[in-house]
Amino acid sequence: MLLLDVARTSERVASLSKRTEKIAALAECLRRLGPEEAAIGVAYLSGRLPQGRIGVGGAALRQTAQGTHAAEPSLTLAEVDGALTRIAGLGGPGSSAARQEALASLLGRATDLEASLLIRLLVGELRQGALGGVMEEAVSRASGIPADAIRRAAMVAGSLDPVAVQALTQGASGLASFKVGLFRPLSPMLAQPADDLDGALKAMGEAALEFKLDGARVQAHKAGDEVRVYSRRLHDVTGSVPDLVEAVRGLHARELILDGEALALRPDGTPHSFQVTMGRFGTKLDVERSRRELPLTPFFFDLLRVDGDDLHDAPARERFRALREAAPSFAVPQRITSDPSEADDFFEEALRRGHEGVMMKGMEGRYEAGRRGAGWLKLKPAHTLDLVVLAAEWGHGRRKGRLSNLHLGARDPRTGGFVMLGKTFKGMTDAMLDWQTKRFQSLALGTDGHVVHVRPEQVVEIAFNDVQESPHYPGGLALRFARVKRYRDDKRADEADTIDTVRAIARAEVRASRAKGGVR
Ligand code: AMP
């Protein structure tokens, strides 16, 4: 297929206002994709490049985009995809100029309409209303598979893309690989943040409140005596956690898929820090010894399969009941209520017992694999932000010889840079100090007195109590009582929180303190 076909479809979809017309236009284009083109076409029509980013930033792109374009269309989807893969793979000295040049030559072969599609795909700004449900319906229409089956498969896969490709190339039989299955871990469901318990409860009506445990996400699969445990990122961690394996093996059901959190507890029953629990998941550990020293306790909060019954599509109410039947001693503490004062008490209890906060779950929702479903809300007392380390200072006294005080920045989407919001040397364990000393030396750009400036690449989760105005920092805002919670190696700097989020928190605080009659 020519890129022009996709560009025309995209233009047409954007111009149509009726959902049904958008679906029909997309389906018509999807139907014409050849088997090798399906993945590319589905990605482009959903507003994404299969390569993700190709390493040409906004300014360079604008400059490149100014060249002249072809009069006649000639580019095929496969050619464009091949060129972008090559560009994304260029590395080493001089590669940014080479990338820009290769991109200019590609855009030079595109017509105006095609170039405009490509540029919007490259900057991630293709908005044509082919989002979410519309694309699912279009894939259904093009493949002749009921939309519900497509939706369910996408839920299990955690994304529509692989499902769309299978549906378009293999038909209904292609969806079999997206069934929930034993020893085929599915992407875990995630939560959305909520900032106010009463408001969230009112919106949900009756809800299940659970402790929000700050441990390691685990998914346990059981078939007879065989038990495997998977991490949040679906790695098989069975070998590191024999205590969890034994706990699950001891449950009476023949088949189980359980979702939960594993925690290392102190003798008084309060949780160790996240870092300590995660210490159990290293690869080079003496498993028996670390198990003796730091036993893990499972807290399961969902049940996706029991003895041949798939439950991920069943309402939460039913899953909760089945979970409490199948694993009564390992089910997370839960309170089902619609009463705000009972919910407040439960929240206080969670904090008193050393947990992060509470999760609030709707009673009727399905398990939305891989998504931040609206059915799960998380409530924590302090704010947290994922920020980027801009510099680190050499420590004094006990911390001499280690990089300690971190300079923290929020992303500024307008400039592509970072805005400094404050510093912190709190919340770090000895192991973290050792790790960060090495890490920031490897990212060092230059030294200014005792400050080592670093490439802004390391994301760190910071807890803080509030945001205050500050003349000292460029954004006019600073975090109060900032402390390190953990390093987020699962996030890139371009996924860190933005200065806009920080401003929104500051505004919300002003509103809240006004509402309470406080003076700021
Ligand atoms: P966050 O990582 O802050 O977005 O919060 C979502 C994470 O909280 C999940 O991925 C779980 O690992 C964790 N979690 C802790 N307690 C619960 C619970 N009761 N229900 C669901 N998730 C929980």
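Both ligands and their constituent atoms are indexed starting at 1 by order of listing.
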Considering heavy atoms of the protein only, find what lies nearest to [atom] and give residue, atom and distance to 0.1 Å.
atom	result
atom 1 (P) of ligand 1	Lys378 NZ, 3.1 Å
atom 10 (O) of ligand 1	Arg217 NH1, 2.6 Å
atom 15 (C) of ligand 1	Leu213 O, 3.0 Å

Close side-chain approach of Trp435 and Tyr487, heavy atoms under 4.5 Å: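 Touching, per the 4.5 Å side-chain cut-off.
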Within reach of ligand 1, part of Glu356 (heavy-atom separation under 4.0 Å): neither
Ligand 1 versus Trp376: contacting region, heavy-atom distance under 4.0 Å: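 The side chain, only.
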[X] and [Y] ion-paired at < 4.0 Å:
X	Y	answer
Lys222	Glu255	no
Arg411	Asp500	no
Arg335	Asp345	no

Gap separating the CZ atom of Phe301 from the CG atom of Asp259, nearest 0.5 angstrom: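 Phe301 atom CZ to Asp259 atom CG measures 4.5 Å (nearest 0.5 Å).
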Give the atom numbers and elements of ligand 1 that come within less than 4.0 Å of a heavy atom of [X].
X	answer
Lys361	18 (C), 20 (N), 21 (C)
Phe301	17 (C), 18 (C), 19 (N), 20 (N), 21 (C), 22 (N), 23 (C)
Lys380	3 (O)

Backbone or side-chain N or O of Phe211 under 3.5 Å from ligand 1 N or O: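 Looking only at distances, the answer is yes, because the N/O contact criterion of under 3.5 Å is met.
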Polar contact flag for Lys212 and ligand 1 (N/O pairs, less than 3.5 Å): yes
Between Arg399 and Ser404, a side-chain donor and acceptor under 3.5 Å: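 Per modelled atom types, Arg399 and Ser404 side chains form a pair under 3.5 Å.
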Test item: side-chain donor near acceptor, Asp268 and Thr270, under 3.5 Å: yes
Ser442 side-chain N/O to Arg439 backbone N/O, donor-acceptor pair under 3.5 Å: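 Such a contact is found between Ser442 side chain and Arg439 backbone.
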Closest candidate by heavy atom, reference atom 12 (O) of ligand 1, pool Glu210, Arg488, Met359, Glu261: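 Selected option, by shortest heavy-atom distance: Glu261.
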Arg232 to ligand 1, any heavy atom closer than 4.0 Å: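 Yes.
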